[in-house]
4 protein chains.
Amino acid sequence: MDTDRQTPPSALAVEPHCAAPRRGRPRSEAAEQAIFAAIERLMMEGAGLGDLTIEGIAQAAGVGKATIYRRWPNKEALLVDAVVRLETPEPELSGSSARQDLIETLEYMRRRGLDKRSRWVLMVIFHQLHSLPELKSVYYDRVIQRRRQVIRDVARRGVASGEFRADLDLDLLAEMLVGAMLVRTVLWDDSPLDDPALPVTMVDALLSGLGGPAHAAAR
Amino acid sequence: MDTDRQTPPSALAVEPHCAAPRRGRPRSEAAEQAIFAAIERLMMEGAGLGDLTIEGIAQAAGVGKATIYRRWPNKEALLVDAVVRLETPEPELSGSSARQDLIETLEYMRRRGLDKRSRWVLMVIFHQLHSLPELKSVYYDRVIQRRRQVIRDVARRGVASGEFRADLDLDLLAEMLVGAMLVRTVLWDDSPLDDPALPVTMVDALLSGLGGPAHAAAR
Amino acid sequence: MDTDRQTPPSALAVEPHCAAPRRGRPRSEAAEQAIFAAIERLMMEGAGLGDLTIEGIAQAAGVGKATIYRRWPNKEALLVDAVVRLETPEPELSGSSARQDLIETLEYMRRRGLDKRSRWVLMVIFHQLHSLPELKSVYYDRVIQRRRQVIRDVARRGVASGEFRADLDLDLLAEMLVGAMLVRTVLWDDSPLDDPALPVTMVDALLSGLGGPAHAAAR
Amino acid sequence: MDTDRQTPPSALAVEPHCAAPRRGRPRSEAAEQAIFAAIERLMMEGAGLGDLTIEGIAQAAGVGKATIYRRWPNKEALLVDAVVRLETPEPELSGSSARQDLIETLEYMRRRGLDKRSRWVLMVIFHQLHSLPELKSVYYDRVIQRRRQVIRDVARRGVASGEFRADLDLDLLAEMLVGAMLVRTVLWDDSPLDDPALPVTMVDALLSGLGGPAHAAAR
DNA sequence: CGATAACCGAGACGGTACGTCGAGTCTTGGC
DNA sequence: GCCAAGACTCGACGTACCGTCTCGGTTATCG
């Protein structure tokens, strides 16, 4: 499915509304690149969300404001597209075992949480997610669902191989792992993500259970 | 505990800067109430974060802008105080067992996630947390740390009673539970918080472990 | 007189800049007509000067903007040419007497002042005359000087025939007559141009003089 | 009449719409002065009408754009008010004779036509007169009608004293004199206004009549 | 009791960014 | 080389808020 997807996934952007034979001067690919590059540059220079202005971006990109507004209907839509574009690709899972795959996924998230760019992306997402309803569905479909599916697939294989309990609630598993990583990534930036053993610790804790003797006896 | 807490916890607010005997007309308590009431009203009418402007709030509250700026140094500080003020009080834990206390804590979070007002509060928190460093520490000290302490206390008692494993990582426990609830609360608003059994399921999953026979054998 | 005037008097227009044999597709005569027709149409629909935009004209004419800019260097030049093109031809004077010729000239101006199209032309002239120095000389040479010459010729014949005083200041005569008509045309649009006797009244007043007995005695 | 007119005649301006007891901070008189001063300065530096921008004026006046838009609804209204404000006061007429008064009036217009500031004002008037209908009536009532009345009064006295013919058409007299001056002022800026004898020449020509012996015989 | 001082609503102030529009230029494919 | 279409940069438009600053007027406490 989706084998021929070359064009990058630009949601929210204003497509030239004509259907077939495209007339007139085509939009400049260079301008688009310059815009995204300017955003990334400003962002890396420490610009917060409120510091990113359309006028500033246009200036930094050497581009007219109209060129931006021709592509996106407003500031939010632009930021959203910039954010989606900055998302790092999903990791390739080794597939040696379900436990190992979970660990690799969490390790990917851990690294992402340490990367300035990725953390900035998450900030924007969390910021705009509720003020721009369109973004919600776009990001949900394009990023979140995709990741949930990865974990879900891993878990299914784990259940089949007997690594995971048969009555496993797949969503719950995903959320407990992802949620814990998000908390450490988004809520604290002096966050304890530096420990490379974190993914192993988390996965094993979840698989082995945290209950003690009294808990085991009660079952 | 905390029996003498009458004055609301207004951090970030600008206190009248003269220390000693205070002269002149005192600040109107009514104005303060009107401001908070206006924010809540606007919020309940569906105003997003970007729709909340100082001018709008002042107008809705029938209050001069200066009256707001006399109390808070800027827009963010006001929103933060409004948010902290809307925080529901912590639940009383029954203390019958550590497991039960965890479940009650999660049940409290679940209810909170279903409440429109509380969800709006979380939105603001997530939004402003990075753009206003002051908020970060205030909210961190005042809300997050307090909750972490509650869970930590519960867990400690659980370890002592043998309900929890002795090598329990308290922070990890807290984050996996809290993180999962936050994901369901903040990221999705069609979220599956409706299931009243959710807290029990989560706690028991974490305590019993999700590993299957193959996992158990490997240990 | 002027029997060979086929090509319209297009001053300010940009001639294809290669001098010699002209190659490639020749310019579309139809496009030119469409542009002028569009301007006239928009003008008659009540468009003020500020409402006439190049983009609007191009759209209304079904023509690309470049097609306009290939012919005129800027907006003002286009309007000027459009205006000159709308100028009605000079009247044929009967020549029966100098007084009669003056009256006929004023009558022509009176009618012109009652015509919406002509009044619009005058508006544009008065507007652009100072912001576009080129227009000034073009319009001056092509329209004003021509008319002054007509009146001057008439007056000269009048002096020769004894109808006019020998010490007549020709320019002053022209300006007093023309000026009065312009005032009624340009400054007021509820203007009293409806009276068909106006030209006769004006000419006779000027010729007979407005001085009374006391004035006559003083001379 | 109008003995108590202190407040300058600011038409088109947006008056604070509250009726009686004026609340809030009053508008800064200084800002208003700075705005007008900036316009005049820019104008004297040779700015054409198209070169006068709100942003430029605000900058030159050291004033926020909003401060301008709080007073005038748009650019045109501001220019109009600036123009009306720059109008020089009417001259005091000596009243020694009707002929003399007419000459003085024309001399005033001649001088005005030689003054850069006044010519600029006339340009703006002629420009905006048709694109901004409100201006038309304001300027008409406030300037043109007033001047017509002056000439009318003079002429009436002239008729009474026998200096002017009894059947004098007052409006026609005014328009022929005023029109001729306007033509020389507005249409040509290399205009022959330098001759100080011009007013005398014009008035005497009009009073004595330009007809020659043949014309006189025909009456 | 009167002065003093800080409060109050209202709204103007200088700025900054927004999103739109037009001018004049450039770049497609097509005739 | 022209044509229609429509992108491009630039810069002004008119609007909305921000955070500050007066206004006239209202309570409090202090002297």
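Computed from heavy atoms alone, side chains included, the values below leave out hydrogens, waters and symmetry copies. By convention in this document, chain letters (A, B, ...) are assigned in the order of the sequence lines, proteins followed by strands, and residues within each chain are numbered from 1.
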Exercise for review: For A/Ile68 and for C/Glu29, locate the closest nucleotide of DNA chain F by heavy-atom distance; then report the residue assigned to the nucleotide nearer the 5' terminus.
Suggested key: C/Glu29
Without decimals, in angstroms, what is the distance between [X] [atom1] and [N] [atom2]?
X: D/Trp72; N: E/dA12; atom1: CH2; atom2: P; answer: 14 Å
X: C/Ile35; N: F/dC2; atom1: CD1; atom2: P; answer: 14 Å
X: C/Glu76; N: E/dG22; atom1: CD; atom2: C1'; answer: 12 Å
X: B/Arg27; N: F/dT29; atom1: CZ; atom2: P; answer: 16 Å

With rounding to the nearest 0.5 angstrom, report the [atom1] to [atom2] distance, [X] to [Y].
X: A/Leu42; Y: A/Met44; atom1: CG; atom2: CE; result: 11.5 Å
X: A/Leu86; Y: A/Asp81; atom1: CG; atom2: CG; result: 10.5 Å
X: B/Arg41; Y: B/Ile39; atom1: CZ; atom2: CD1; result: 11.0 Å
X: D/Glu32; Y: D/Arg85; atom1: CD; atom2: CZ; result: 8.0 Å

Are there any protein N/O atoms within less than 3.5 Å of an N/O atom in nucleotides 15-18 of chain E, and if so, which ones and at what distance?
{"unit_1": "E/dC18", "atom_1": "OP1", "unit_2": "A/Ile54", "atom_2": "N", "d": "2.8"}
{"unit_1": "E/dC18", "atom_1": "OP2", "unit_2": "A/Ile54", "atom_2": "N", "d": "2.9"}
{"unit_1": "E/dC18", "atom_1": "OP2", "unit_2": "A/Glu55", "atom_2": "N", "d": "3.0"}

So do the side chains of [X] and [Y] get within less than 4.5 Å of each other, counting heavy atoms only?
X: A/Tyr69; Y: A/Ile54; result: yes
X: D/Ile35; Y: D/Leu78; result: yes
X: A/Trp120; Y: A/Val83; result: yes

**Study point:** Listed partners of B/Gln59 passing side-chain contact (heavy atoms from CB on, under 4.5 Å), at least two apart
**Key:** none
Practice item. Could you list the residues that satisfy side-chain contact (heavy atoms from CB on, under 4.5 Å) with B/Ala31, not counting sequence neighbours? Key: B/Ser28, B/Val63, B/Thr67, B/Arg71
Would you say [X] reaches [N]'s phosphate, i.e. side-chain N/O to OP1/OP2 under 4.0 Å?
X: C/Arg71; N: F/dC3; answer: yes
X: C/Thr67; N: F/dC2; answer: no
X: B/Ser28; N: E/dC7; answer: no

Check your understanding: Which pairs, with at least one residue in residues 42-55 of chain C and sequence neighbours excluded, count as a side chain to side chain donor-acceptor pair (under 3.5 Å)?
Key -> C/Glu55-C/Lys65
Check your understanding: Per the end-axis method with five pairs at each terminus, what is the bend angle of the helix from E/dC1-F/dG31 to E/dC31-F/dG1, to 10°?
Key -> 20°
Point to revise | Distance-minimising heavy-atom pair for D/Ala61 and D/Ala34 | key: CB-O, 3.5 Å
Do any N or O atoms of the protein come closer than 3.5 Å to N or O atoms of nucleotides 28-31 of chain E, and which pairs are they?
none

